[in-house]
Amino acid sequence: MHSGPRSTGSDPVTDVHDADHRASPLPLPPERVVSAAGELLRALSAPLRIAIVLQLRDGPRCVHELVDALGVTQPLVSQHLRILKSSGVVSSHRQGREMRYELLDEHLLDIVEAAVGHAGEQ
């Protein structure tokens, strides 16, 4: 770690860290909430799962519709849907011979869209 003045181009930047100053810890949610948030983010961490969430933003879809839209195999889509379902991201219900999947919470779509938007700005 560099503790002296730093330079970015022609303008020097002074390190203003005060070793005598100790920041007060900020209050955190209960450990179970932080842990659940970590599990949710892990469930959303795979690119294909992000794509599935984006495909479900306009409403429920059957597995074959997701396969067609994403251009991947049915077993792969089903595997990722199982992870999303077990994490509480999507729910499923039978419609005839097919399972339809839908997002459980619009907040999850907001998280995914914000992440995709941020990545697109890089």
Side-chain angles (χ1 to χ4, degrees):
M1 182 169 160
H2 185 71
S3 60
R6 289 174 276 164
S7 177
T8 57
S10 61
D11 299 330
V13 176
T14 304
D15 188 352
V16 294
H17 178 74
D18 178 0
D20 294 327
H21 176 73
R22 300 282 183 244
S24 300
L26 297 174
L28 293 174
E31 174 60 32
R32 66 176 176 69
V33 173
V34 173
S35 179
E39 290 298 318
L40 175 62
L41 292 175
R42 268 189 287 286
L44 295 172
S45 67
L48 184 55
R49 292 193 289 268
I50 290 170
I52 289 170
V53 169
L54 293 173
Q55 287 296 315
L56 296 175
R57 70 180 139 197
D58 289 333
R61 297 269 185 117
C62 294
V63 174
H64 76 86
E65 292 172 314
L66 294 170
V67 167
D68 292 345
L70 300 170
V72 296
T73 65
Q74 182 273 324
L76 186 59
V77 169
S78 293
Q79 174 188 354
H80 284 280
L81 284 167
R82 275 192 300 278
I83 294 167
L84 290 171
K85 187 174 178 180
S86 69
S87 299
V89 175
V90 301
S91 65
S92 65
H93 62 277
R94 186 162 297 283
Q95 182 175 3
R97 293 183 7 202
E98 298 185 296
M99 294 298 287
R100 291 184 66 79
Y101 290 84
E102 64 183 315
L103 292 174
L104 281 173
D105 187 339
E106 289 297 316
H107 290 101
L108 302 173
L109 178 59
D110 294 341
I111 292 167
V112 169
E113 287 179 331
V116 169
H118 179 74
E121 294 171 357
Q122 303 297 320

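One-based numbering along the sequence shown.
Listed by first and then second residue, the salt bridge (Lys or Arg N to Asp or Glu O under 4.0 Å) pairs that reach into residues 72-90 come to none, sequence neighbours excluded. Pairs passing the salt bridge (Lys or Arg N to Asp or Glu O under 4.0 Å) check and including a residue from residues 70-81, sequence neighbours excluded, do not occur. Listed by first then second residue, pairs satisfying salt bridge (Lys or Arg N to Asp or Glu O under 4.0 Å) with a partner in residues 98-114 read Arg57-Glu113, Glu65-Arg100, not counting sequence neighbours. Screening residues 32-43 for salt bridge (Lys or Arg N to Asp or Glu O under 4.0 Å), with sequence neighbours left out, gives Glu39-Arg42.
For His118, the side-chain hydrogen bond (donor to acceptor under 3.5 Å, both in side chains) partners are Gln122, not counting sequence neighbours.
A continuous path of ILVMFWY side-chain contacts below 4.5 Å connects Val90 to Val116, so both sit in one hydrophobic cluster. If you chain together hydrophobic residues whose side chains sit under 4.5 Å apart, Leu103 and Ile83 never meet in one group. The cluster map of Ile, Leu, Val, Met, Phe, Trp and Tyr, joined by side-chain heavy atoms under 4.5 Å apart, puts Ile111 and Leu81 in the same cluster. Residues Val63 and Leu104 do not share a hydrophobic cluster, defined by chaining ILVMFWY side chains whose heavy atoms lie under 4.5 Å apart.
Remark: the backbone N or O of Leu84 is not paired with any side-chain donor or acceptor of Ser87 at under 3.5 angstrom.
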Extract all donor-acceptor atom pairs below 3.5 Å that involve side chains of residues 71-78 and protein atoms in other chains or at least two apart in sequence.
{"unit_1": "Thr73", "atom_1": "OG1", "unit_2": "Leu76", "atom_2": "N", "d": "3.3"}
{"unit_1": "Gln74", "atom_1": "NE2", "unit_2": "Ser78", "atom_2": "OG", "d": "2.6"}
{"unit_1": "Ser78", "atom_1": "OG", "unit_2": "Gln74", "atom_2": "O", "d": "3.1"}

TODO: Under the side-chain contact (heavy atoms from CB on, under 4.5 Å) rule, what do Leu109 and Leu56 come out as? Steps first, then yes or no, please.
DONE: CA-CA 9 Å; Leu109 178 59; Leu56 296 175; over 6 Å; no
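The distance from the CG atom of Leu66 to the CE atom of Met99 is 12.5 Å, given to the nearest 0.5 Å. The structure places CG of Leu40 at 12.0 Å from NE2 of His107, a figure rounded to the nearest 0.5 Å.
Side-chain contact between Leu108 and Val53 is absent, with no heavy atoms from C-beta onward closer than 4.5 Å. Contact annotation: the side chain of Val89 never approaches that of Ile52 to less than 4.5 Å [non-hydrogen atoms, C-beta and beyond].
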